[in-house]
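We count ligands from 1, going down the list as the structure has it; atoms in each ligand are counted the same way.
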Amino acid sequence: MNSNVKRGWHFLQIPGPSNTPERIRQAMNRPTMDHRGPEFGLLTKSILERIKLIFQTNSHVIIYPSSGTGAWEAAMLNLFKPGDRVLAFETGHFATVWKKVAEKIGLEVEWVPGDWRRGVNSQQVFEKLRADAGGRIKGIMVVHNETSNGVTSDLKSIREAIDEAGHSALFLVDVVSSLGTTDFRQDEWGVDVAISASQKGFMMPPGLGFNSISPKAIQYANSKEGLHSYWQWQRIIDINQTNYFPYTPASGLFFGLDEALTMLLEEGLDNVFKRHKQYATACRKAADHWGLENQCLNEQEYSDSTTALRVPEGADADVLRKLILERFNMSLGTGLGQLKKKVFRIGHLGDFNELMLMATLSGIEMGLEMAGIPFNKGGVQAAMDALVTSQMSLKI
Ligand SMILES: Cc1ncc(COP(=O)(O)O)c(C=O)c1O
């Protein structure tokens with residue numbers, strides 16, 4: 001007999017990997033197929049045609065068997081050579097890790113320091129680019145949604161700053177945790193490479209990385225001799241024209257991706273974004289009521305997919321997370337890098353609904369009390385009130 005046996009389902013409320021819905025799990029429950037056969041060609045065609053809609057682009061989307069980190073590296077290896085200069089911003093842990101990957105492959109990173117509590121300042125983008133009269137900066141690297149702290153940068157205003165400075169650097173954006181949760185318009189905002197992965201807004205397991213590339217970026221990549229082969233965009237694009245890949249693709253995951261695209265498109269991107277905004281707003285209502293401070297300081301930059309909350313001085317966010325996992329079978333995101341033990345992160349993205357949010361917040365409220373962390377009871381009620389208000393405003 002074991003009183004620790006868990007019943008019901010595990011609440012995976014980390015900000016990715018997000019929950020994989022039954023429809024996607026079932027879609028992947030298939031025997032492996034011939035990745036050079038006719039059926040796979042049709043599957044690839046369906047995916048390549050429709051995935052562009054999620055990036056809001058007419059450009060080509062490359063699908064790698066990789067995580068998001070591999071997709072970062074792929075973009076940089078296609079575009080840059082050792083010694084090239086790129087401009088990057090310390091918005092949080094993921095921007096910092098991306099910078100380290102860039103340095104590892106020999107890039108010179110012009111690093112704009114930050115406090116991990118706000119997004120990229122477009123005025124700073126303008127000033128940095130204006131100061132680069134010789135055009136040494138070849139790329140600008142921005143993390144759209146910093147999953148480590150729940151801060152979303154304003155890409156439109158960054159694009160405007162690049163244009164105002166009259167700079168020709170390529171605009172690279174990490175949309176790993178914003179794509180499929182938050183409005184992202186690759187073509188309209190002049191993003192040259194959008195980098196993403198399967199395990200967040202796509203509601204898929206980890207394993208696929210994406211580079212969505214503008215014609216300018218492809219042309220730039222083709223004008224130089226890259227030190228890579230496996231990641232090479234043009235080789236993949238050429239073979240993708242025939243609906244196949246130059247290597248063995250992660251074919252089992254393709255069944256899931258095809259279903260994920262169907263799910264996102266049948267809901268409609270605008271509805272997907274509205275749904276995420278509604279949960280994020282209700283989640284913050286609970287946090288405000290509890291008296292827990294949001295790691296993101298700027299209201300306009302609050303993330304729709306992730307909320308990172310600071311625990312009071314003297315409390316340990318990882319002790320709270322451990323208690324909630326053991327008692328209530330729910331995983332919350334840990335604090336990363338310099339935020340270790342200081343914040344816990346709530347993922348409210350992907351295959352998620354009102355009652356899942358309420359369960360998540362209830363688990364946190366009970367956990368706060370049991371961990372002896374000072375807070376004001378009633379955050380769950382505040383979130384319910386917010387959800388009722390937003391539901392009542394919907395016309396059904
Ligand atoms: C914004 C962001 N960029 C990059 C990564 C790295 O992706 P991966 O862990 O899939 O390599 C993550 C992972 O969570 C992320 O949230």
| Under 3.5 Å: donor-acceptor pair, side chain of Gln186, backbone of Val191 | yes
Identify each donor-acceptor pair in which a side-chain atom of residues 326-333 lies under 3.5 Å from a protein atom, sequence neighbours left out, and give them as a table.
from   : atom 1 : to     : atom 2 : distance (Å)
Glu326 : OE2    : Lys322 : NZ     : 3.1
Asn329 : OD1    : His10  : ND1    : 2.9
Ser331 : OG     : His10  : NE2    : 2.8

| message | Would Arg30 pass as a cation-pi partner of Phe255, given that its NZ or CZ must be under 6.0 Å from the six-membered ring centre and within 45 degrees of the axis? | response |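 Yes, Arg30 and Phe255 form such a contact.
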| task | Could you point out which residue of Phe202, Tyr64, Trp233 forms a ring-ring contact (aromatic ring centres under 6.0 Å, His included) with Phe210? | result | Phe202
Between the protein and ligand 1, which nitrogen or oxygen pairs come in under 3.5 Å, and how far apart is each?
from     : atom 1 : to     : atom 2 : distance (Å)
ligand 1 : 3 (N)  : Asp174 : OD2    : 2.6
ligand 1 : 10 (O) : Gly68  : N      : 2.8
ligand 1 : 10 (O) : Gln199 : NE2    : 2.8
ligand 1 : 11 (O) : Ser67  : OG     : 2.6
ligand 1 : 11 (O) : Gly68  : N      : 3.3
ligand 1 : 11 (O) : Thr69  : N      : 2.8
ligand 1 : 11 (O) : Thr69  : OG1    : 2.5
ligand 1 : 14 (O) : Lys200 : NZ     : 2.7
ligand 1 : 16 (O) : Thr147 : OG1    : 2.5
ligand 1 : 16 (O) : Lys200 : NZ     : 3.3

| request: Report the hydrophobic cluster partners of Leu12, with the cluster defined as I, L, V, M, F, W, Y residues connected by side-chain heavy atoms closer than 4.5 angstrom, directly or transitively. | output: Ile14
| field | For Asp84, all residues meeting salt bridge (Lys or Arg N to Asp or Glu O under 4.0 Å), sequence neighbours excluded | value | Lys81, Lys224
